[in-house]
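See below for the structure under consideration.
Note that the structure is a prediction, hence the values are computed from the model and not measured.
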Amino acid sequence: MNPAKPGDAARTPWIVGVSGASGTPYAASVLRALIAAGESVDLVVSRASRLTLLDETGISYRDAHWRDDLGEWLSRGADGKPGTFAVDLADVRHWSAGDLAAGPSSGSYPSKGMIIVPASTACVAGVALGLSKDLLQRTASVTLKERRPLVVAVRETPLNGQTLRHLVTLDDAGAAVVPASPGFYAGATHIQDLVDFVAGRVLDAAGVAHGLYRRWAGELGGGGRTG
């Protein structure tokens, strides 16, 4: 984890959890947008998600080298092209997924809320049942008990009845469930546009300002315009 820095006492981050579902570009887009909005970020990358990240990007995410690995990941576009984005990681803090004594494991640790993106069905089940088997699930449970915003960007299809019941449980507990379902009315012309649409809707649910997609303005045909 990061050492304490001057000014940390006044730091109130968004906590971002990345679980093992396919969809690491969604997480990258959310993280870039939070940083661009001037938000502090605490990051928890589950063990399962590291396998997905390696499969989808070829990047190994390592606790000991997290800053270099995260920088390489966030610099890539959704098409995998490196060097697409420049990102400042100065106000990002990493917590190991296995560290159940980490700051976010306690309700006394300040945060604005938590975003899980993407959220696997196993992660959804763990949070809904309060299992707290790793730091990601424990932090989500803390977020709910402290009545802070929790946004769960579930990425799976089709959804079976058990998962649907778990999602209803999360909704009843106050979480916002945001399926990773891109819309096409914003005039997407590139895979990054579709990824950013989902990331933007996740941030909308969290109440974070962004400019990731063109919003609906009540005018038909707007998505097909090129100029």
Take Ser60 and Arg50, measure what side-chain contact (heavy atoms from CB on, under 4.5 Å) needs, and give me the verdict at the end.
CA-CA 7 Å; Ser60 296; Arg50 299 176 194 216; over 6 Å; no
Derivation of the side-chain contact (heavy atoms from CB on, under 4.5 Å) call for Gln192 and Thr84
CA-CA 11 Å; Gln192 188 68 55; Thr84 302; 5.7 Å; no
Between Met114 and Trp14, is the side-chain contact (heavy atoms from CB on, under 4.5 Å) condition met? List the steps.
CA-CA 6 Å; Met114 183 178 187; Trp14 277 98; 5.9 Å; no
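For Lys81, the NZ atom is loosely surrounded, since the number of other residues' heavy atoms within 6.0 Å does not exceed 12. Within 6.0 Å of atom CZ in Arg62, more than 12 heavy atoms from other residues, nucleotides or ligands are found, so the atom counts as buried in its surroundings.
The distance from the OG atom of Ser75 to the CZ atom of Arg32 is 8.5 Å, given to the nearest 0.5 Å. Here CZ of Arg67 is found 8.5 Å from CG of Leu70. Values are rounded to the nearest 0.5 Å. Atom CG of Leu203 and atom CD of Glu39 lie 9.5 Å apart (nearest 0.5 Å). Annotation: the span from Leu131 atom CG to Leu129 atom CG amounts to 5.0 Å, rounded to 0.5 Å. If you take CG on Leu194 and OG on Ser29, they are separated by 11.5 Å, rounding to the nearest 0.5 Å.
Ring geometry for Trp95 versus Tyr109: interplanar angle over 60°, hence perpendicular rather than tilted (30 to 60°). Using bins of under 30°, 30° to 60° and over 60° for the plane-to-plane angle, the ring pair Tyr213/Phe197 lands in the tilted bin.
Between Arg11 and Asp42 there is a salt bridge, since a side-chain N of the basic residue sits under 4.0 Å from a carboxylate O of the acidic one. Between Asp196 and Arg214, no side-chain nitrogen of the basic residue sits less than 4.0 Å from a carboxylate oxygen of the acidic one, so the salt-bridge criterion is not met.
Under the 4.5 Å side-chain heavy-atom criterion for Ile, Leu, Val, Met, Phe, Trp and Tyr, Trp66 and Trp73 are members of the same hydrophobic cluster. Leu150 and Leu164 fall within the same hydrophobic cluster, where Ile, Leu, Val, Met, Phe, Trp and Tyr residues are linked whenever their side-chain heavy atoms come under 4.5 Å apart, directly or through other members.
Screening Leu51, Thr52, Leu43, Leu54 for a side chain to side chain contact (heavy atoms under 4.5 Å, CB included) involving Tyr61 leaves a single residue, Leu43.
Side-chain contact of Asn160 with Thr163: a donor-acceptor pair under 3.5 Å is present, judged by distance alone. Between the side chains of Ser22 and Glu56, a donor-acceptor pair is found at a separation under 3.5 Å.
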